[in-house]
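Just so it is clear, the values below take in all heavy atoms, side chains as well, and ignore hydrogens, waters and symmetry mates. Residue numbers start from 1 in every chain, and the chains themselves are labelled A, B, ... in the order their sequence lines are given, proteins ahead of strands.
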Amino acid sequence: MIVVSYPNIGEYERIVYNFLNKIIDNSNCKILRPEKNNKKILELGEENSPTNVCTPFKYTLGSMINSLNKGANVIIQIGGGCRFGYYAQIQEKILKKDMGYKFEFINLYNGNKLEFFTAVKKVKMLNPRLSLQKLLKEIYFTIKLLRFSDNILTYIRENECYIEDKEKLQSIKNNILNDMLKIKNISEINLKRKECEEEIDTLIVEKDDVLKIGIVGELYSLMDPFSSSFLENDLLKKGYKIKRYTTASYLLLDKNKSEKKLLKDSKQYLKYKIGADGTESVAHTLELIDEGYDGVIHIKPFGCTPEINAMPILKKISDDYSFPIMFYTFDTLNSDTGFQTRVEAFIDMLEMRKK
Amino acid sequence: MRYYVGIDIGSISTKGVVIDENNNIVASDYIWTNASPIDASKRLINSLIKKSKKEWLENIYAIGTTGSARKLIGKIIGATSIKNEITAHAVGTISKYPDVSTIIEIGGQDSKIIIIKNSVVIDYAMNTLCAAGTGAFLSSQAKRLGIEVEQMQNYYEKSNNPAKIAARCTVFAESDMIHKAQIGYKKEDLIAGLCNAIVENYTNNFIRGRRIEDKIVFQGGVSRNNGVVESFKSKLNKDIHVDKDSHLLGALGIALIAKSESRGERISLNIKDIEYRIREKECKGCSNNCEVVYIYEDEELLDTIGNRCENCKSNI
C-alpha cells in the first residue's frame, strides 16, 4: 500500500490533497494529509537541518519527518527559484542517509526546472494506470481551483476590514476551505465563486479612515501563518486593511509573465532581477505607495538571500518617499513577544502619522 | 485632582511613576527586576503606595503598563492601558521635550532609536535577536570586573587610554576584554573601552543611514552611566540631553497614554500579596496550537496570554 504525503504550506495543502485524490488509485494508495505547521514540526525540522539553512527548509523537513513517522512511504516535494531549488535534494539525503528512513522520494523538479514529462513519469508511480489525458484534465481543474481559492481569499483579505459580521465571514471562509478539499469539477467552482462573491458583497460596509498596510517579503513566511507568528490574522483581527500580492497562483502561474513589467515599473531602483521574490518586494512596495497605503511590513526568514538583496533598496525607497517600512526576520523563534512589540509600535507610528 | 500610574516592567529594572493631572511626576521608584517581574511589581507598587499621599491613591483614574512584562503584570493588576515600550518612550519624551527629534534609548536587553518630526514618530528601529550593546552587557561585564554597574562612570572619568574593544558581538567583546585585561590594561581603561563599545555598537546598528538631528535625548537605564553619555557626545559630536528622570520616561509615557485612554472611572492601585502561578502550555483546543501562558491567582485561573481564541480556557 502506498501512503503518499507532502510538506505543508498554509492552506494550500488542501488543494494538493484534492488533486492527488483524483489521480491516485484508491485500491492501493492512500493520502496522508500533513499536519498544519506547529511547534513540534518546527522542532523536528530544526533538529535535523543544517543550522544556517533558511527557515522554510526546516518547516518542510519537519513536516516530512512528521508524516514519515505517521506511516507515509512516498513523499512529494518541489523546488525552484532560489535555494529552494536544492531543498528536495538535500532533504532526500537527510531523510534517507542521515535518518535512515526508507521511502520513495518524488522530486517533481529537476534542479530549477519543471520538466513536464519527467514529472509525469514520477507521478505515474502513484498510479501506473493514470492516463495522460486524465492527468492533464486534473491539472487544468487544479489550476482553476487554485485561482478560485486565491482570488476569493485575497478579495476577503482586502475587504475584511469593511465587514462587521465576523461570524458570517468566518463561516464563508470555512466553506471555502472545505471546498478546497472536496470540490469536484469546474462548473461547481464557477457556481461557488459567484455565490461567495455575492455573499461577501452583501456584508461589506464601506468606511473611511482604515489603516492600510501592505505585507511583502519571502513567500513561505507570507503564505504560511504559523511561520510568521500569525501576523496577517492578527492585523486583520484589529481591523486594518491588508494587501499581499504573493499567492501560490501568482508564483506558479503569473510570475513569469509579470516579472518584466515589475522590473519596468521599478526601473528607478532595479536594473535586473534580484532573485526569487526580491524583485516583487521592491516593485510591490512601489505599487503600494502609489495606491496610498500607510505602511509596509517586510518579512523574511533568516538567511533568505533574495530578500536580503531587496532590503537596502527598500530602505532607499523608504527614505525617498518618507514611507514607513518595517523589517522583520523570522527564525525558529519560540516567543512572539518581540515581534508583536515591534508590530504594535509600527502601527502606533502609522496611526500617529495619519493623524 | 486626578492621578495616573505608569509602570514599566523591563528585563533588568522595573520602574513606576504616579503623575498628577498636569503630568508632573509626584512619586516614583526604580528597582531591579531580578528576573521575577511579579515580585518586582509587588515591591514597586508597595513602594509607590508608601510614597503617595492617601488623597492621591483615592483618586487614581488609570493605570498603564509597558515593558517586556507588560501583558503579564497588566493582567494581574488590572491595568487600563497596556502598550509597547517604543510608543511609551516616545510619548514620555515628547511630553518633556516637545522639540526632540532623536531619542536614543538603551535599556536592559534592548536598544532603540526613535526619530521624531513635529512631535510625531516617523521612524524607529530596535535591536534584533541579541543583547549586544545593551545594559545587560554592561552589567555582566561589571560583575566580571568586580564592580557595581553604578560605579562604572567613576572609572570612566579616570581613564586616559581607553582599551579598544570589539563592539559587534557580546561574545567577541568579552574575549577582547579578557585579553586586554590579561595584557595589563587598567580597570578604568577597560571600563572606558566598554562604554565606547556600547556607543560603537549603537552607531553601527542604528545610526548608519539615518540623519541624526538636534535635539537628541538619551534615556533608558544606561543613560544613567555618564561614561556612555560622554562617549556618545564625542562620537556624534553633538549635544546629548539626559533628563533627570531619564530612566523613568517609559513609565511616564505609559502613564500619559493611560491618562489619555482613561474612561473616567476610579481604579485602585494594588497587587494582592498572594502567590501568582504561571504555567506555559501548548493548547490543543484547535489547530493553531498556541503557546498559552495561564496566570493563576492562587488556584483560580485569572487570565491567559498568547491565545488566539477562547478555546484554551475550557481546555486546560
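Around the CD atom of A/Glu291, the shell of radius 6.0 Å holds more than 12 heavy atoms that belong to other residues, nucleotides or ligands. Atom NZ of A/Lys166 is surrounded by more than 12 heavy atoms from other residues, nucleotides or ligands within 6.0 Å.
Of the two parts of A/Asp234, only the side chain, counted from C-beta on, holds a non-hydrogen atom closer than 4.5 Å to a non-hydrogen atom of chain B. With a threshold of 4.5 angstrom between heavy atoms, B/Arg70 approaches chain A through side-chain atoms but not through N, CA, C or O. A/Lys237 touches chain B through its side chain: at least one heavy atom from C-beta onward sits under 4.5 Å away, while N, CA, C and O do not.
Contacts from residues 117-125 of chain B to chain A, taken as heavy-atom pairs separated by less than 4.5 Å, involve B/Ser119, B/Val120, B/Val121, B/Ile122, B/Asp123, B/Tyr124 in sequence order. Within residues 77-86 of chain B, the residues having any heavy atom less than 4.5 Å from a heavy atom of chain A are, in residue-number order, B/Lys83, B/Asn84, B/Glu85, B/Ile86.
Among A/Phe226, A/Phe346, A/Phe230, the residue making the largest number of heavy-atom pairs under 4.5 Å with chain B is A/Phe230. Between chain B and the options A/Lys316, A/Lys36, A/Lys40, the largest number of non-hydrogen pairs under 4.5 Å is found for A/Lys36. Interface summary for chain B: among A/Gln340, A/Lys315, A/Met349, the most heavy-atom pairs under 4.5 angstrom belong to A/Met349.
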